[in-house]
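None of the values given here were measured: they were computed from a predicted structure. Proteins get letters first, then strands, A, B, ... in listed order; numbering begins at 1 in each.
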Amino acid sequence: MTKRGHCKGVDSKLSWTQVETGSAITWKYPSCILTGDNSVAEFYSVAVTNNYQQADTGTKMIHIGKNTRSTIVSKGISAGKSQNSYRGLVRVSEKADNARNYSQCDSLLLGSECGAHTFPYMDIHNETAIVEHEATTSKISEDQLFYCNQRGISTEDAVGLIVNGYAKEVINKLPMEFAVEAQKLLAISLEGSVG
Amino acid sequence: MLEVKDLHASINGKEILKGINLSIKKGEVHAIMGPNGSGKSTLSSVLVGHPSFEVTKGSVTFDGQDLLELSPEDRSHAGLFLSFQYPVEIPGVSMVNFMRAAVNEKRKYEGKSALTASEFLKLMREKRAVVELDNKLANRSVNEGFSGGEKKRNEIFQMAMLEPKLSILDETDSGLDIDALRIVAEGVNKLKTPETSCIVITHYQRLLDYIKPDVVHVLYKGRIVKTAGPELALEIEKRGFDWIKKELGE
């Protein structure tokens, strides 16, 4: 599935927020084309994979207008034997003076049989562009879970707490009602993934 | 309250505890001392049900219940608390959310309804004062970026929130400066009631100046080799453990 948004006019703004828990195999790259000068685009994503799911998701930010800015925040959570990839392109064309991009890709692993991958593509044709990419990978440790257990929190609830804390940055971008749904969805998607 | 009989436990097939007998009554404070590697931390881990350790023999009853049958979270609900020697960091999970989950799980177990947000925050404020814990710390992620002293204080804060029947303090004094030690120890004393008991695991007499033990045990090579009153801790402070090893004929 691929959707594209087009920032045509001057000072236009576009924001994608996705919570991806879906199908067996997902390829999904909601994209933004920043044609209008001074336009701004954002992409916020949480992708959860469990069992044998494969998700390969991310975005394209295509900077064409001048002074265009984009932000990418992607949080991947892998459990079971799943594979979770972030794949994203940031393109800055020749005329896109002073384009600015910041990308942050975090991966959280549950268990030892899942995988997380990050493929940031950058295609920069203008010297004035400033493009940043940050990536982290972390794991929920046995010690963290046991600490929660000792305080009376079951392993399943502990995973929910940690995952929701981790995805907070993206979930906070969602409208209230939807954020509550998303939190529950995360917990359901990861049910039975630990212990 | 706690009755440990001939407890044997091992990790990765290596036996660490070789027959522990321990009996703790309501309201008592027991200190457990012993050289490094004698099994002190293993004992506390086994009591709270750490999955890395396997109990191979013996029994533990807590308040009339078979403790070894219970899951770690149910042991917590039953009133057992461990102040960890090395509290772990949980990034992204705020202390408020963490404690709220813990307190409400316990209430659920006791058949009580969950606290409302305002009731809960009031309880947090009250208990924070016990260990002079800063409000800022309560809003940060669990133990993340806390100093050694703050982590230990945070453990006692959690103990205050959960009001356990039996608390195990595993080297709560290690890594604390003298002021932090005093605050932590006073916190523990404030929480002490005639209904609650405490196991204090420590290397040094220093902590026991503040938290007065009723009984002092020496753990050595997986067994309790000596049990006496508080004077034993003072003697160990002066003479070390060698004389006890000699008594054992080593």
Side-chain angles (χ1 to χ4, degrees), chain A residues 44 46 48 73-78 104-112 134-173 176 179-180 182-184 186-187 190 192 194-195, chain B residues 44-53 70-110 140-144 151 154-155 157-164 167-168 170:
Chain A
Y44 287 91
V46 180
V48 189
V73 176
S74 165
K75 305 261 180 185
I77 299 152
S78 333
Q104 180 192 332
C105 299
D106 298 326
S107 307
L108 184 68
L109 301 168
L110 279 77
S112 52
E134 273 181 41
T136 65
T137 305
S138 48
K139 192 173 183 298
I140 295 184
S141 69
E142 297 283 322
D143 286 343
Q144 286 173 331
L145 293 175
F146 183 69
Y147 190 79
C148 294
N149 290 159
Q150 210 299 303
R151 298 302 184 246
I153 304 170
S154 70
T155 300
E156 211 135 85
D157 290 345
V159 170
L161 263 182
I162 295 171
V163 166
N164 274 311
Y166 167 82
K168 205 163 45 187
E169 208 181 331
V170 174
I171 290 179
N172 283 347
K173 290 277 161 189
M176 239 283 269
V180 176
Q183 283 198 359
K184 285 183 194 150
L186 287 185
L190 293 168
V194 183
Chain B
S44 60
S45 296
V46 168
L47 289 178
V48 295
H50 195 286
S52 303
F53 297 93
L70 299 178
S71 66
E73 53 267 36
D74 281 346
R75 294 184 198 199
S76 168
H77 296 149
L80 192 60
F81 180 92
L82 172 64
S83 166
F84 284 77
Q85 187 179 359
Y86 305 107
V88 295
E89 302 188 358
I90 310 178
V93 180
S94 70
M95 265 320 287
V96 176
N97 280 342
F98 180 72
M99 272 338 290
R100 200 169 169 195
V103 168
N104 282 338
E105 283 298 318
K106 181 165 186 191
R107 290 180 69 88
K108 199 160 95 188
Y109 182 84
E110 292 166 345
R140 281 185 8 211
S141 293
V142 179
N143 292 323
E144 195 184 31
K151 281 184 185 169
N154 191 21
E155 293 292 291
F157 162 66
Q158 294 177 39
M159 177 176 150
M161 291 293 287
L162 295 171
E163 298 178 337
S167 316
I168 306 169
D170 191 358

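- Closest of all the heavy-atom pairs between A:G152 and B:E105 is O-CB, 3.4 Å.
- Proximity to chain A involves both the backbone and the side chain of B:P87, based on heavy atoms less than 4.5 angstrom apart.
- With respect to chain B, the highest number of heavy-atom pairs below 4.5 Å among A:S138, A:A167, A:A158, A:S154 belongs to A:S154.
- Remark: the A:Y147 side chain and the B:N143 side chain contain an N/O donor-acceptor pair separated by less than 3.5 Å.
- For B:L82, the parts sitting under 4.5 Å from any heavy atom of chain A are the backbone and the side chain alike.
- Both the backbone and the side chain of B:F81 come within contact range of chain A, with heavy atoms under 4.5 Å apart.
- For A:D157, the part lying near chain B is the side chain, with the backbone staying farther off; criterion is any non-hydrogen pair under 4.5 Å.
- Here the straight-line distance linking atom CD1 of A:I162 with atom OG of B:S141 works out to 11.0 Å at 0.5 Å rounding.
- Looking at B:Y109, neither its backbone nor its side chain comes within 4.5 Å of chain A, counting heavy atoms on both sides.
- Rounded to the nearest 0.5 Å, atoms NE2 (B:H77) and CD1 (A:I153) are 8.0 Å apart.
- In this structure, chain A has a heavy atom under 4.5 Å from the side chain of B:V142, while its backbone stays farther away.
- Ranked by heavy-atom pairs shorter than 4.5 Å toward chain A, the options B:P51, B:S71, B:G92 are led by B:G92.
- Among the candidates B:H50, B:E73, B:R75, the single residue satisfying the side chain to side chain contact (heavy atoms under 4.5 Å, CB included) test with A:N149 is B:E73.
- For B:G49 against A:F146, the heavy-atom pair with the smallest separation is O-CE1, 3.5 Å.
- Interface check for chain B: of the options A:R151, A:E169, A:Q144, the most heavy-atom pairs under 4.5 Å are formed by A:R151.
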**Study point:** Trace of the side chain to side chain contact (heavy atoms under 4.5 Å, CB included) decision for B:V93 with A:C148
**Key:** CA-CA 11 Å; B:V93 180; A:C148 294; over 6 Å; no

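- Here the side chain of A:Q150 pairs a donor or acceptor atom with the backbone of B:L80 at under 3.5 angstrom.
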